[in-house]
> 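Structure in C-alpha cells, see below.
The figures that follow rest on heavy atoms only: side chains count, while hydrogens, waters and symmetry mates do not.
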Amino acid sequence: MNTKQFEQIHKGKGFIAALDQSGGSTPKALLQYGIHESSYSSEEEMYELVHEMRTRMIKSSAFDSRYILGAILFENTMDRLIDGKHTADYLWEEKGIVPFLKVDKGLAELEDGVQLMKPIPDLDDLLERAVKRNIFGTKMRSIIKEANSAGIKKVVEQQFAIGKKIIDKGLVPIIEPEVDIHSADKRASETILKDEISAQLSALDQDAKVMLKLSIPTEDNFYSDFMEDPHVVRIVALSGGYTQAEANDRLARNHGLIASFSRALAEGLTAGQSDDEFNAMLSKSIQEIYEASIK
C-alpha cells in the first residue's frame, strides 16, 4: 500500500470524485452532459465519448488535489490513456489525486427488499490488473430499498466477504451499501444497516482497512461512531439522487463525513460549453462540495 496515498485519504481535507458510471448508467451520464444516444452507434463509441468527458474533467484546472483527495474510475477508464499515461497514473503523477476502481458488475434483481451485487467472476484477474495499474482501492455498490433485516444482512455480508478478498490483494475496499433516499422506511433501514456493519467491522482482522460509502443519513451524524473504528480509513457519502445543493446541505450537517458524488459533481457540465464555461462550472461545483465536506 502506498503510505502517502493512505495518509491523504485517511486525513486529508477534501472529497472523493466519483467518475465511475458504467453499463446502464453511462448513457444517462452522457445525456446529462448533453450527448444524446443518437450520437453514438456502438458501445465502444459510447465509452470513447464518456472517456472524453472524464478526461476533460480530470485535466481541468479546477480538478485539483487541494480539494479532491481521490477519484473512482470505471474499469474501461482505468485501461485508457490521458496524455499517454494510464488514467490512474495521470491522476496521481500529474494531479496528486488517489485512484480507485469500481469492481462490481451491477445489481441483481430485487429480493428481500434489497439488490445484491451480481457475481464478479473475474474478480481476481481484475484486482491483479488494478494493482499493476497502480490503483489504491476499489468500490462496489449494493442497494437497500426496504428495512428488511434478512435482506440488509445479506447485503453487508456480501460486501465484506468480497472486501476481504480485496484487502488480501493489498487494496482498500470502499464498502457501499446504498440506502435508497426515496425509501419510505429509510431511517429504519439505516438502523439495521449500522448494526450489521458494526458486526462485520468487529470480525475483521486487526490490520484490515476499509472505507465506507453510505447514503447521507436521515439522522445527522448517525454514522459518527464508525469514524473512531480503527478499521475504517474514511467514511464518504453518495449523493443518491439529491440535487447538488440538497446533497451539500445535508452533508454539511454531518461532521467528518465527506462527499463521493457522481451526478451531483457533474451537474451543469455540458459538452457544448466552452473551456472557460466548463471550468468555471466545475470549479463552482468542486468548491461547494469541498466546503460541505470540511464542515
Side-chain angles (χ1 to χ4, degrees), residues 14-65 67-83 85-88 90-91 94-95 97 99-102 104-107 139 141 176 178 181 213 236-248 251 259-290 292-293:
F15 66 94
I16 310 290
L19 307 177
D20 59 330
Q21 302 95 338
S22 62
S25 63
T26 302
K28 294 177 185 176
L30 285 173
L31 188 61
Q32 179 182 336
Y33 186 54
I35 298 177
H36 194 269
E37 288 185 52
S38 61
S39 300
Y40 48 91
S41 56
S42 68
E43 187 176 82
E44 176 58 24
E45 288 182 11
M46 177 183 74
Y47 285 132
E48 284 281 358
L49 287 168
V50 82
H51 186 62
E52 288 175 10
M53 178 187 77
R54 289 166 178 156
T55 296
R56 193 180 188 192
M57 292 177 70
I58 290 169
K59 291 185 68 174
S60 170
S61 57
F63 206 83
D64 192 303
S65 61
Y67 316 110
I68 300 172
L69 303 175
I72 306 170
L73 308 174
F74 171 46
E75 179 182 354
N76 189 282
T77 307
M78 177 184 73
D79 291 330
R80 292 181 184 269
L81 305 176
I82 299 178
D83 290 355
K85 294 186 176 186
H86 282 104
T87 306
Y90 185 90
L91 277 169
E94 302 297 328
K95 290 285 188 168
I97 292 171
F100 291 80
L101 175 68
K102 168 187 161 70
D104 69 79
K105 301 297 183 183
L107 299 166
K139 191 214 81 160
R141 172 174 170 259
E176 185 184 5
E178 174 182 347
I181 64 169
K213 182 169 179 174
V236 302
L238 55 101
S239 52
Y242 291 126
T243 64
Q244 186 188 111
E246 186 172 4
N248 286 340
L251 180 67
S260 179
F261 294 170
S262 174
R263 241 177 317 180
L265 174 62
E267 187 175 300
L269 300 178
T270 65
Q273 288 169 329
S274 68
D275 286 344
D276 286 346
E277 291 169 335
F278 180 92
N279 290 335
M281 177 60 71
L282 182 58
S283 179
K284 179 176 181 293
S285 294
I286 287 172
Q287 291 295 326
E288 290 176 356
I289 295 169
Y290 171 79
S293 293

> NZ of K284: more than 12 outside heavy atoms within 6.0 angstrom?
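Incorrect, the count does not exceed 12.
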> Could you give the distance from CG (N279) to OG (S61), rounded to the nearest 0.5 Å?
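One finds 4.5 Å between CG of N279 and OG of S61.
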> What is the distance from atom CZ of R56 to atom CZ of F278, rounded to the nearest 0.5 Å?
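If I round to the nearest 0.5 Å, the distance is 5.0 Å.
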> Calculate, to the nearest 0.5 Å, the distance between atoms CG and OG belonging to N248 and S293 respectively.
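Reported value, rounded in 0.5 Å steps: 7.5 Å.
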> Sub-3.5 Å donor-acceptor pair from the side chain of Q273 to the main-chain atoms of T270, do we have one?
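Yes; at least one donor-acceptor contact below 3.5 Å.
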> Does Y33 have any ring pair (Phe, Tyr, Trp, His ring centres under 6.0 Å) partners at least two apart in sequence or in another chain, and if so, which?
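Expected list: none.
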> Run the side chain to side chain contact (heavy atoms under 4.5 Å, CB included) test on L31 and I35 for me, step by step, so that the C-alpha distance in whole Å, both residues' side-chain angles and the decisive distance to 0.1 Å come before the verdict.
CA-CA 5 Å; L31 188 61; I35 298 177; over 6 Å; no
> Atom NE2 of H86 and atom CE of M78: how far apart are they, to the nearest 0.5 Å?
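One finds 8.5 Å between NE2 of H86 and CE of M78.
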> Look at D20 together with K139 and state whether they make a salt bridge at an N to O cut-off of under 4.0 Å.
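Judged by the 4.0 Å cut-off on N to carboxylate O distance, D20 and K139 do form a salt bridge.
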> If you apply the rule side chain to side chain contact (heavy atoms under 4.5 Å, CB included), what do you find for F74 with R54, and how did you get there?
CA-CA 10 Å; F74 171 46; R54 289 166 178 156; 4.0 Å; yes
> Could you check if a side-chain atom of F15 sits within less than 4.5 angstrom of a side-chain atom of L69, using non-hydrogen atoms only?
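Answer no - side chains too far apart.
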> Of the non-hydrogen atoms in Q244 and S285, which two are nearest, and what is the gap between them?
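Where Q244 meets S285 most closely, the heavy atoms are NE2-OG, 3.0 Å.
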> Looking only at side chains, do E267 and T243 share a donor and an acceptor under 3.5 Å apart?
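Per modelled atom types, E267 and T243 side chains form no pair under 3.5 Å.
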> Considering non-hydrogen atoms only, spot the tightest contact between D64 and I97 and give its length.
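For D64 versus I97, the nearest heavy atoms are C-CD1, 4.3 Å.
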> Does Y40 offer a backbone N or O that forms a donor-acceptor pair with the side chain of E45 under 3.5 Å?
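Not confirmed, E45 side chain does not pair with Y40 backbone.
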> Under the side chain to side chain contact (heavy atoms under 4.5 Å, CB included) criterion, do Y90 and D83 qualify, and how do the steps go?
CA-CA 8 Å; Y90 185 90; D83 290 355; 3.9 Å; yes
> Rounded to the nearest 0.5 Å, what separates atom CD1 in I289 from atom CG in L251?
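Rounded to the nearest 0.5 Å, the CD1-CG separation comes to 9.0 Å.
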> For the side chain of K95 and the backbone of F63, is there at least one donor-acceptor N/O pair under 3.5 Å apart?
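Between the backbone of F63 and the side chain of K95 there is a qualifying donor-acceptor contact (under 3.5 Å).
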> With no hydrogens and no angle check, is any side-chain donor or acceptor of D104 less than 3.5 Å from a backbone partner on R141?
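Indeed, once roles are kept as given, a pair shorter than 3.5 Å links the two residues.
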> Is any side-chain heavy atom of F100 closer than 4.5 Å to one of L73?
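Answer no - side chains too far apart.
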> Students often mix this up, so state it plainly: with edges at 30° and 60°, are the rings of Y290 and Y67 parallel, tilted or perpendicular?
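If you compare the ring of Y290 with that of Y67, the planes turn out perpendicular.
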> Would you say the side chain of N76 lies within less than 4.5 Å of the side chain of H51, judging by non-hydrogen atoms?
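SC-SC contact between H51 and N76 ruled out.
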> Hey, are the side chains of L265 and M57 touching, using non-hydrogen atoms and a 4.5 Å cut-off?
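SC-SC contact between L265 and M57 confirmed.
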> Whether the side chain of S239 engages the backbone of A247 through a donor-acceptor N/O pair (distance < 3.5 Å, no angle test) should be reported.
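Not confirmed, S239 side chain does not pair with A247 backbone.
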> Kindly compute the distance separating OG (S60) from CG (L269), expressed to the nearest 0.5 Å.
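Here the interatomic distance stands at 8.5 Å.
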> For a quick test of reading the model, state the closest non-hydrogen atom pair linking I181 to G240 and the distance between them.
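Between these two residues, the closest heavy atoms are CD1-O, 3.1 Å.
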> Any ion pair linking K105 and E75 (charged N to carboxylate O, less than 4.0 Å)?
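Looking at K105 together with E75, the answer is yes, because their closest N to O distance falls below 4.0 Å.
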> Salt-bridged, R80 to E44, with N to O below 4.0 Å?
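A salt bridge is present here (some side-chain N lies under 4.0 Å from a carboxylate O).
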> Surrounding CD of E43 (heavy atoms of other residues, nucleotides or ligands, distance under 6.0 Å), is the total greater than 12?
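Atom CD in E43 is not packed in, count stays at 12 or less.
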> If we ignore hydrogens and angles and just use 3.5 Å, is the side chain of E277 paired with the main-chain N or O of S274 as donor and acceptor?
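Confirmed, E277 side chain pairs with S274 backbone.
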> Which of these, L81, T55, I58, L19, sits in a side-chain contact (heavy atoms from CB on, under 4.5 Å) with T87?
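Of the listed options, the one satisfying the test is I58.
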> So does S260 get a backbone contact from the side chain of K213, meaning a donor-acceptor N/O pair under 3.5 Å?
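Between the backbone of S260 and the side chain of K213 there is a qualifying donor-acceptor contact (under 3.5 Å).
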